[in-house]
Amino acid sequence: MEPQQQDSPVYANYEDMRNSGPTSSTAYMINMGPGGVPPEQPARVPGPTQQYRGFKTSENEPRGIMEWVVTFFSVIIFIITSPIAIFICFKVVAEYERAIIFRLGRLSGGARGPGMFFILPCIDEYRKVDLRTVTFNVPQQEMLTKDSVTVTVDAVVYYRISDPLYAVVQVEDYSMSTRLLAATTLRNIVGTRNLSELLTEREILAHTMQSTLDDATEPWGVMVERVEIKDVSLPVSMQRAMAAEAEAARDARAKVIAAEGEKKSATALKEASDVISSSPSALQLRYLQTLSSISAEKNSTIIFPLPMELLTPYLAKYAHLIPQPPQPPQLPEKAESVVLDAQAAWPKTNL
């Protein structure tokens with residue numbers, strides 16, 4: 001019986017794959033018999049594909065004769081041109097970069113870096129992936145809100161690569177795909193909100209957009225860290241209408257407040273008048289206080305009200321000296337009876 005061969009390990013991410021060593025876990029594919037029932041002595045064979053967090057590659061598939069020949073010639077070329085090929089075949093990636101190597105079109109291991117790695121001439125190619133946070137502006141999107149108001153919204157998205165292998169293998173251009181998805185997601189979310197919610201709940205809108213983008217870009221190895229709504233622009237006519245509405249609301253509140261103040265002041269004045277009416281001298285003191293406050297402002301003309309109660313004793317004392325108005329003349333009673341008799345004696349005629 002042939003010895004069992006170790007299968008390709010299954011890693012959670014590329015860092016675990018680089019640091020796992022020879023003691024990593026293995027997975028086997030079982031040769032199933034007809035009807036899905038395994039044979040009596042199942043043979044474990046190496047898996048034809050390498051698995052990385054759920055997707056499979058052809059890294060460990062058997063190579064053809066031509067691939068072995070090309071690989072052999074590539075090694076020979078490297079040995080012959082070794083003084084010069086060293087500067088070509090050794091590559092360096094920075095701390096914030098990772099490199100994905102493809103040998104004859106097949107994935108060769110996981111992400112490499114940071115540091116130095118080796119590639120064979122003519123048959124190896126690699127792609128660098130930047131792990132730093134990338135920021136881009138979502139173009140202004142003119143759209144209708146839920147209450148049929150036209151608005152223009154733009155936003156800022158912050159994202160970074162969480163898995164370089166996914167970003168290279170699973171999507172053609174992760175940057176362009178994330179940008180287009182962000183613009184579409186912004187339109188979809190704004191279309192489900194009212195204008196008032198859009199203006200007052202920007203943080204909730206940004207958080208919803210960030211969660212949606214993060215879920216959609218996770219298979220691409222992209223993690224959306226933050227989304228910010230920059231500006232919400234309204235048409236000029238809508239701005240004028242909202243300004244007029246706000247001004248009318250403020251005027252209404254001001255009138256209500258003024259009316260309440262008048263009501264309170266009238267109540268206070270009524271109570272003050274009740275107190276003053278209980279003592280006649282208090283009214284005179286109030287007049288003098290008013291005159292003192294007016295004179296402090298250095299006015300040239302002072303109008304001082306004089307109460308009629310002060311003049312009542314003098315008017316009663318000198319009332320006989322005031323000339324009386326002439327009385328209208330009265331007709332004597334006899335003349336009045338003559339006029340009545342004349343009207344009674346007048347003949348009545350039917351016209």
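Each side chain to side chain donor-acceptor pair (under 3.5 Å) pair with one or both residues in residues 142-154, not counting sequence neighbours, appears once here: T145-D147. Residue pairs satisfying the side chain to side chain donor-acceptor pair (under 3.5 Å) criterion with at least one member in residues 197-212, sequence neighbours excluded, are absent. Pairs engaging residues 171-188 under the side chain to side chain donor-acceptor pair (under 3.5 Å) rule: Q141-R187, Y159-S175, S175-R179 [sequence neighbours left out].
In this structure, K230 does not pair ionically with E228, as no charged nitrogen and carboxylate oxygen lie closer than 4.0 Å. Contact check on K255 versus D251 returns no salt bridge, with no Lys/Arg side-chain nitrogen under 4.0 Å from an Asp/Glu carboxylate oxygen.
Rounding to the nearest 0.5 angstrom, the gap separating the CD atom in E245 from the CZ atom in R250 is 10.5 Å. Taking CG of L269 as the reference point, atom CD of E262 lies at 9.5 Å (rounded to 0.5 Å). One finds the OG atom of S273 at 9.0 Å from the CD atom of E271 (value rounded to the nearest 0.5 Å). With rounding to the nearest 0.5 angstrom, the OH atom of Y96 is 15.0 Å from the CD1 atom of I161. Separating the CG atom in L186 from the CD atom in Q140 is a distance of 10.5 Å, to the nearest 0.5 Å. Considering OG1 of T133 and CZ of R160, their distance stands at 6.5 Å, rounded to 0.5 Å.
In this structure, I119 shares a hydrophobic cluster with V93, I101, F117, Y126, the cluster being traced through Ile, Leu, Val, Met, Phe, Trp and Tyr side chains under 4.5 angstrom apart. Hydrophobic cluster membership of F90, counting Ile, Leu, Val, Met, Phe, Trp and Tyr whose side-chain heavy atoms lie under 4.5 Å apart directly or via other members: M66, V70, V75, F78, I79, I86, V92, L104, M116, F118, L120, I123.
Under a hydrophobic-cluster definition in which Ile, Leu, Val, Met, Phe, Trp and Tyr are linked whenever side-chain heavy atoms come within less than 4.5 Å, directly or via other members, V129 and Y158 are assigned to different clusters. M209 and M223 fall into different hydrophobic clusters, where Ile, Leu, Val, Met, Phe, Trp and Tyr are joined by side-chain heavy atoms under 4.5 Å apart, directly or via other members. The cluster map of Ile, Leu, Val, Met, Phe, Trp and Tyr, joined by side-chain heavy atoms under 4.5 Å apart, puts L180 and M143 in different clusters. L144 and L198 are assigned to two separate hydrophobic clusters, defined by single-linkage of ILVMFWY side chains at heavy-atom distances under 4.5 Å. Follow the hydrophobic side-chain contacts under 4.5 Å out from V227 and you reach V134 in the same cluster.
Side-chain contact between V222 and D214 is absent, with no heavy-atom pair separated by less than 4.5 Å. Residues V224 and V157 have side chains in contact (heavy-atom distance under 4.5 Å, counting atoms from C-beta outward). Counting heavy atoms from C-beta outward, S233 and V151 have side chains that stay 4.5 Å or more apart. The closest side-chain heavy-atom distance from V69 to F72 is not below 4.5 Å.
Between the S74 side chain and the C122 main chain, no donor and acceptor come within less than 3.5 Å of each other. Judged purely by atom type and a 3.5 angstrom limit, E218 has no side-chain atom pairing as donor or acceptor with the backbone of D215.
Judged as a side chain to side chain donor-acceptor pair (under 3.5 Å), and not counting sequence neighbours, the contacts of R132 are D130.
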Q: Take W220 and L181, measure what side chain to side chain contact (heavy atoms under 4.5 Å, CB included) needs, and give me the verdict at the end.
A: CA-CA 12 Å; W220 304 340; L181 183 62; 4.2 Å; yes
Q | Pair K128-R98, side chain to side chain contact (heavy atoms under 4.5 Å, CB included): steps then yes or no | A | CA-CA 6 Å; K128 285 185 180 181; R98 297 294 183 270; over 6 Å; no
Q.
As a quick check of understanding, evaluate side chain to side chain contact (heavy atoms under 4.5 Å, CB included) for I100 and F102, giving each step before the final call.
A. CA-CA 7 Å; I100 308 298; F102 295 93; 3.8 Å; yes
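Checking S196 against N194 by side-chain atom types alone, no donor-acceptor pair falls below 3.5 Å.
Checking V153, V190, I189 one by one against I229, the side-chain contact (heavy atoms from CB on, under 4.5 Å) holds for a single residue, V153.
The two residues P114 and A94 have their closest heavy-atom pair at CB-O, 3.3 Å.
Other residues, nucleotides and ligands place more than 12 heavy atoms under 6.0 Å from the CD1 atom of I76.
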